[in-house]
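What follows is a single structure, written as C-alpha cells, with notes after it.
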Amino acid sequence: MLGPVILAASRSDKMRRFISAAPGTKQVVDRFIAGEGVDQVVPVIQDAAAKGLEVTLDVVGEDITTPEQAAAARDAYLELIGRLEELGLGTQAEMSVKLSMFGQALEGGHDLALANVRPVVEAAAAIGTTVTLDAEDHTTLDSMFAIHEELRKDFPQTGCVIQSYLFRTEADARRLAAAGSRVRLVKGAYKEPASVAYQNKPEIDKAYVRILKTLMLGDGYPMIGSHDPRLIAIGQELARQAGRKLDEYEFQMLYGIRSDEHIRLAAEGHRMRVYTAYGTDWYGYFMRRLAEKPANLLFFARSVVTKG
C-alpha cells in the first residue's frame, strides 16, 4: 500500500525538498490549499457563503521547533480572526488548529500550547465563532483532550476531532458524546502502528459507523468528516434514526475534494462545512491528502509528467 509510504515521506526533509521543487507541484497544491495568506482565503470564504456553505480554516504548519514559532502561529490565527471580524464573516467561518503549531511538542509543550491557543479561542468567541482542536498522531491525544477539557470550562463550544482508525476512539466518543461537545469524526491520516490502530479500510469504516452512531445518540454535536458516499448516506440515516434535525449535526469535507457534493448536501438543507487550509508551510498537509486517496497521487504524478 502506498499510503504508509507517503506518510513516511511526509517526515522526510529530503522528500520535502524534492516535492517542493517538482514542476507540477504547485498545480496540485493549489487544488488543496486555498492560498498563502489571509487576503487569498477571504474570497474563498465569501464564495462559500454565497453557495450556502460554511468553512473551517486551518493555517497550515506543524514543524514548530521554538517558542517564537509557536507564538507566530498564534498570531497568524489572531490576524485571521481580526480580518473575519472586519469583514463580518465571523459566523461563516470557524477555526481548526493543530496544537503542534502552538508548541505542544516543545519542552513544557502542554502548558505552552494551552497558553497559546487560549487567546485564539477567546478571540474566536468574541466574533461569534469557535475553534476545533485537530487530532494528530496518537502520542499527542491525551494532551489534546486535556486542553480541550480545560478550554471548554470557559468556552463550551470548543470542538475536537477523533479518528476512527484508533482503538481508543470508541471510548473517547462515549465520553465526549456524554459531555455534549462538538466532535468531528474522521478516519485518520497519520501513520500509526498496528498496536494502536486498525490497518485496513473495512475495519476502519466499521469503527467509523459504530463511533458515529454513539455520537448521534449522544448529547453533543456530531461533525461528519468524510468524502465517502456510503458513510455520508449512513450518517444521514443514523441522524434520522436518532431524531436529529438538520441543524443538529453537519458534514465536513476538504477544500478541493468533491466540490459538487458540497453543493448537493447544502441544497438538501444540510449544514456543510468546507475544511479550508492555507499558508506557506503546506508540505505535511499536502502529503496526507496524497496518502488518503490513490486518485490524488495519480493526479500529482500526471501533473509532474505534464510539466516536466
Side-chain angles (χ1 to χ4, degrees), residues 1-20 22 25 28-29 31-33 58-65 96-106 109-110 113 132-145 160-173 184-208 210-211 225-228 231 252-257 275 277 279 281-301 304:
M1 294 178 63
L2 287 174
V5 175
I6 298 170
L7 290 174
S10 72
R11 298 293 185 182
S12 166
D13 288 337
K14 183 177 180 180
M15 285 301 299
R16 177 190 291 266
R17 292 191 295 271
F18 173 78
I19 295 294
S20 298
T25 295
V28 188
V29 170
R31 174 179 175 176
F32 301 118
I33 304 292
D58 174 14
V59 184
V60 291
E62 301 156 40
D63 296 324
I64 299 299
T65 58
S96 286
V97 304
K98 290 180 173 60
L99 292 176
S100 59
M101 278 190 67
F102 292 83
Q104 186 186 43
L106 304 181
H110 178 87
T132 295
L133 307 184
D134 274 333
E136 301 182 70
D137 74 79
H138 76 279
T139 65
T140 68
L141 295 184
D142 286 341
S143 172
M144 185 274 280
F145 286 129
C160 70
V161 177
I162 56 177
Q163 303 157 303
S164 72
Y165 68 172
L166 294 176
F167 300 151
R168 65 172 290 170
T169 301
E170 291 189 59
D172 289 329
R184 180 196 304 147
L185 174 62
V186 300
K187 292 184 181 181
Y190 291 83
K191 187 178 186 298
E192 297 286 11
S195 59
V196 302
Y198 298 111
Q199 301 295 306
N200 64 72
K201 185 179 185 300
E203 289 181 322
I204 294 169
D205 287 355
K206 288 177 183 177
Y208 193 103
R210 292 194 302 269
I211 295 162
S226 178
H227 305 96
D228 187 326
L231 292 180
Q252 295 194 4
M253 298 187 193
L254 296 171
Y255 173 84
I257 299 180
Y275 188 106
D281 190 11
W282 48 262
Y283 179 74
Y285 180 88
F286 172 72
M287 293 298 281
R288 286 195 296 279
R289 301 294 78 78
L290 294 185
E292 284 173 346
K293 191 175 182 182
N296 294 339
L297 180 60
L298 181 60
F299 179 61
F300 175 58
V304 171

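The chain is numbered in sequence order, starting from 1.
For the residue pair Met144 and Cys160, the shortest heavy atom distance occurs at SD-CB, 4.0 Å. Minimum heavy-atom separation, Val97 to Phe102: CB-CE1, 3.6 Å. Closest heavy-atom contact between Asp228 and Lys187: OD2-NZ, 3.5 Å. Contact record, Ser226 with Tyr208: CB-OH, 3.7 Å, taken as the closest heavy-atom pair. Counting all heavy atoms, side chain and backbone alike, Ala135 lies closest to Leu141 at CB-CD2, 4.0 Å. The minimum heavy-atom distance linking Ser164 with Ala207 is given by the pair O-CB, 3.5 Å.
To the nearest 0.5 Å, atom CD1 of residue Ile257 and atom OH of residue Tyr275 are 12.0 Å apart. To the nearest 0.5 angstrom, Asp172 atom CG is 11.5 Å from Leu185 atom CG. Rounding to the nearest 0.5 angstrom, the gap separating the CE atom in Met101 from the CD atom in Glu136 is 10.0 Å.
No side-chain heavy atom of Gln104 sits less than 4.5 Å from a side-chain heavy atom of His110. Inter-residue side-chain proximity for Tyr165 and Glu203 is flagged as unmet; no heavy-atom pair is nearer than 4.5 Å. At a threshold of 4.5 Å between non-hydrogen side-chain atoms, the residues Arg184 and Ser96 count as touching. In this structure, Leu133 and Leu99 have side chains that are in contact, with non-hydrogen atoms separated by less than 4.5 Å.
In terms of the side-chain contact (heavy atoms from CB on, under 4.5 Å) criterion, residue partners of His138 (sequence neighbours excluded) are, by chain and number, Leu166, Glu192, Pro193, Val196. Thr169 pairs by the side-chain hydrogen bond (donor to acceptor under 3.5 Å, both in side chains) definition with nothing, not counting sequence neighbours. Every side-chain contact (heavy atoms from CB on, under 4.5 Å) that Glu170 has, sequence neighbours left out, goes to Arg174, Tyr198, Arg210, Ile211.
Using a cut-off of 4.0 Å between Lys/Arg side-chain N and Asp/Glu carboxylate O, Asp58 and Lys98 are scored as salt-bridged.
Between Val186 and the choices Asp134, Val161, Ile162, the side-chain contact (heavy atoms from CB on, under 4.5 Å) rule is met once, by Val161.
Under a 3.5 Å cut-off, the side chain of Ser143 and the backbone N or O of Thr140 do not form any donor-acceptor pair.
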